[in-house]
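Here the structure comes first, spelled out in structure tokens, and everything after it is commentary.
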Amino acid sequence: MKSNPSLTINHKTEVPHPPFGPKNLISWYKKNARNLPWRHTSDPYKIWISEVMLQQTTVTAVIPYYEKWIKVFPTIEDVSEASLQKVLKTWQGLGYYTRVKNIHASAKLICEKYDGKIPSDSQILQKLPGFGPYTTGAVLSIAFHQRQSIIDANIRRLVMRLLAIKGFADTHQDNLILKFLDKIIPTHDVNLFNQALMELGALICRPKNPLCLICPVQKFCKSFKQKIQNKIPQSKKSLVRLINVVIAIIINDGKYFIQKRPPKGLFADLWEFPGGKIERGEKPESALKRELQEELNVHLTKCSYLMNVDQLYTQFRARLHVFACYVSPKPNPDKTHQWVSFNGFSKYPMPSGSVKIIKNLLKKQSLK
Ligand code: SF4
């Protein structure tokens, strides 16, 4: 791994060495930190956005989303002035849409009440939408260099192994982990220390096959001593349940019918094709008929199978059975129902499954 010379690091700062060795850890980080776009900024707004994005997916996946976001919304004022639809559309593909709604709501509050500056007081920060313990701690420690311990998935796994804490990697372990972190967190270079812990978890103390032989904290690691590092944390082999869903593609005059989901619940405020869950024992065609009647009060006159699309979400897997549908009467547009051309889809934020369907429809069209 290459070192990252552009990181802003105070080389003169002395940090307490025992009991864990933050000094070793920080010097390891200085040499091995990945060169990531949000590590070149001290702007609390950009650090906040990157930390929210990183909670839900890998660093590699986040980079293009982060770069696009900062291009569309270079400042917190740009977010606060944007419509919810634009904010959701820019986030599309990252999932967890409540998080981006919270970013939007917090940006508005920060601009209204705090002159567009993210508060550096944890009491105030924690009252803003979406600022839970992790986001608050990450912003305060990385952007404002405050002595705040944080726990993300990488740190949780790393500390569980260091202390040989058995069990699943979930929030039940966090009290113990936090106590440990509060003891070892240095008084200086807190920003580097917290990022070093996360980076060490991501690059060395990886979920599978940790690289113990090159680990800078190996001599402190109880799991390594006991040779149980591959057993910690215990793996959750729970099967993600599969949900079968029918999707109706209704076309009229080259336009596609889409509808907006309610403002609360799964995929709130996103747009999608009509359809719904196939009930137990129900055939896809019968489910289509039922759903179209229930949702749009229209009668399905004819349908033909188009494709299946599989999509993995956090709590379930969805198999989308997609049909071209002819209905009577033609549904009318209103605030939450629209006829949209292919080019028009770019204005509407949609769940990943719908985006996949559009891509496949586009492929099918280009093959004709
Ligand atoms: Fe993780 Fe191995 Fe390092 Fe322990 S020695 S912290 S298990 S990489």
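We count residues from 1, following the sequence as given. First listed ligand is number 1; within each ligand, the first listed atom is number 1.
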request  = For residues 124-152, pull every pair meeting salt bridge (Lys or Arg N to Asp or Glu O under 4.0 Å), keeping only residues two or more places apart or in separate chains.
outcome  = none
Gln234 and Lys166: side chain donor to acceptor below 3.5 Å = no
query = Does a donor on one side chain and an acceptor on the other come within less than 3.5 Å for Asn332 and His337?
reply = no
task = Give a yes-or-no answer on whether the side chains of Tyr256 and Gln338 include a donor-acceptor pair shorter than 3.5 Å.
result = no
inquiry  = Under 2.8 Å from atom 2 (Fe) of ligand 1, which protein N, O or S atoms do you find? Ignore water molecules.
reply    = Cys212 SG
ask   = When you measure from atom 6 (S) of ligand 1 to every protein heavy atom, which one gives the shortest distance, and what is it?
value = Leu158 CD1, 3.7 Å
ask   = Out of curiosity, does Leu270 fall in the hydrophobic cluster containing Ile103 (side-chain heavy atoms, cut-off under 4.5 Å, transitive links)?
value = yes
inquiry  = Restricting to non-hydrogen atoms, name the atom on Ala196 and the atom on Trp28 that form the minimum distance, rounded to 0.1 Å.
reply    = O-CZ3, 4.0 Å
